[in-house]
Peer 1: 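Dropping a structure here in C-alpha cells format, bear with me for questions.
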Amino acid sequence: MDTYKIILEAHSGIAYVALITIAIAVINSLIGISAKNEFKPKDRRIALFALIATHIQFIFGLILYFVSPNGMDAFKSGMKAVMSNEGLRKLAVEHPVTNIIAIVLITVGWSTHKRAEESKKFKKIAIFYALGLILLLAMIPWGNWIG
Ligand code: HEM
C-alpha cells in the first residue's frame, strides 16, 4: 500500500472517532445544562477526548492534502478545472477550508470553557462543539466515504 492509501485509510477511520466523540461531548453538555449538573472531571475528559480526536484528524487531513490526487495536486490542471468540477471542488477546497474553520471553533470552545466560570462551562462546549460538528457534517464527502 502506498503512502496515499495508508493516510486515506487513517483519515477515513479517525473520521468516525472524531465525529462520534464530538457528538458525545455535545450531548453530554446539553444534558449537563438541562440537569444543571456541576462540571466534573469526567465532563472535562469527554470534551478533551473529542478535542484530541479532532486534532489528530486535522493532522491526517493536512498530510492527506499533500499526498492525495484530490488535494493540492488537483490544482495542477488549473484553478478553473477544480472549481468547475463539483466533486473535486468539494475535496480540494470546500472540505479542507470548512473543516479547518470547524476545528478552530472546537478549539475555541475548549479554550473558552477553561476560562469560563463553573456555570458556563457546559454552555461553551455545547455551542462551539455543536457549530463545529454541523460544519463538519455539512462538508463530509459522504459518497466517497460510506457511499
Ligand atoms: C474533523 C475534521 C475532518 C473530518 C471528520 C474529515 C473527514 C473526511 C472523510 C470522511 C473523508 C472521505 C474519506 C474517504 O474517501 O474514505 C475525507 C476526505 C478528505 N479530507 Fe478530510 N476530514 C477532516 C478534516 C480535513 C482537513 C483539515 C483536511 C485538509 C487540510 C482534509 C482533507 C481531506 C482530503 C484532501 C480528502 C480527500 C482524499 C481523497 O479522496 O483522495 N480533511 N475527510
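Note that ligands are numbered from 1 as they come in the structure, with each ligand's atoms numbered from 1 the same way.
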Peer 1: Considering only heavy atoms from C-beta outward, does the side chain of Ile140 approach that of Ile146 to under 4.5 Å?
Peer 2: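 A side-chain contact under 4.5 Å is absent here.
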Peer 1: Hey, which atoms in ligand 1 end up nearer than 4.0 Å to a heavy atom of Ser12?
Peer 2: 13 (C), 14 (C), 16 (O)
Peer 1: Which of the protein's N, O or S atoms come within less than 2.8 Å of atom 21 (Fe) of ligand 1, not counting waters?
Peer 2: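 Near atom 21 (Fe) of ligand 1, below 2.8 Å, one finds His11 NE2, His95 NE2.
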Peer 1: Has Tyr4 got more than 12 heavy atoms of other residues, nucleotides or ligands less than 6.0 Å from its OH?
Peer 2: yes
Peer 1: Which protein heavy atom lies closest to atom 35 (C) of ligand 1, and at what distance to 0.1 Å?
Peer 2: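 In this structure, atom 35 (C) of ligand 1 has Leu91 O, 3.8 Å as its nearest protein heavy atom.
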Peer 1: Measure the distance from atom 30 (C) of ligand 1 to every protein heavy atom, then report the residue, atom name and distance (to 0.1 Å) of the closest one.
Peer 2: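 That would be Leu62 CD1, 3.8 Å.
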Peer 1: Which ligand 1 atoms are under 4.0 Å away from a heavy-atom of Asn144?
Peer 2: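 Per the distance check, 14 (C), 15 (O), 16 (O).
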Peer 1: Which atoms of ligand 1 have any heavy atom of Leu136 under 4.0 Å away?
Peer 2: 1 (C), 2 (C)
Peer 1: Would you call Ile101 and Leu135 a side-chain contact if the rule is heavy atoms closer than 4.5 Å?
Peer 2: yes
Peer 1: The test is salt bridge (Lys or Arg N to Asp or Glu O under 4.0 Å); show your working for Lys40 and Asp43 and say whether it passes.
Peer 2: CA-CA 5 Å; Lys40 298 215 177 74; Asp43 303 308; 5.9 Å; no
Peer 1: What's the shortest distance from atom 27 (C) of ligand 1 to any protein heavy atom, and which residue and atom give it?
Peer 2: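 That would be Phe58 CD1, 3.7 Å.
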Peer 1: Is it the case that atom CD in Glu86 sees more than 12 heavy atoms from other parts of the structure closer than 6.0 Å?
Peer 2: no
Peer 1: Answer with yes or no whether the hydrophobic clustering places Ile59 together with Ile106; edges join I, L, V, M, F, W, Y residues whose side-chain heavy atoms lie under 4.5 Å apart.
Peer 2: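 Same cluster: Ile59 reaches Ile106 through Ile, Leu, Val, Met, Phe, Trp or Tyr contacts under 4.5 Å.
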Peer 1: Is any side-chain heavy atom of Gln57 less than 4.5 Å from a side-chain heavy atom of Asn99?
Peer 2: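 With C-beta onward as the side chain, the pair stays apart.
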Peer 1: Evaluate the ring planes of Tyr16 and Trp145, with Trp represented by its six-membered ring, and classify them as parallel (under 30°), tilted (30 to 60°) or perpendicular (over 60°).
Peer 2: tilted
Peer 1: For His113 together with Phe128, are the ring centres under 6.0 Å from each other?
Peer 2: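 No, ring centres 6.0 Å or more apart.
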Peer 1: For ligand 1, is there an atom lying under 4.0 Å from some heavy atom of Tyr4?
Peer 2: yes
Peer 1: Could you list the atoms of ligand 1 found under 4.0 angstrom from a heavy atom of Ser68?
Peer 2: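 With Ser68 as reference, the close atoms of ligand 1 come out as 38 (C), 39 (C), 41 (O).
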Peer 1: So which heavy atom in the protein is nearest atom 40 (O) of ligand 1, and how far is it from that ligand atom?
Peer 2: Asn70 ND2, 3.1 Å
Peer 1: Are Ser29 and Lys123 side-chain neighbours, meaning at least one heavy-atom pair lies under 4.5 Å?
Peer 2: no
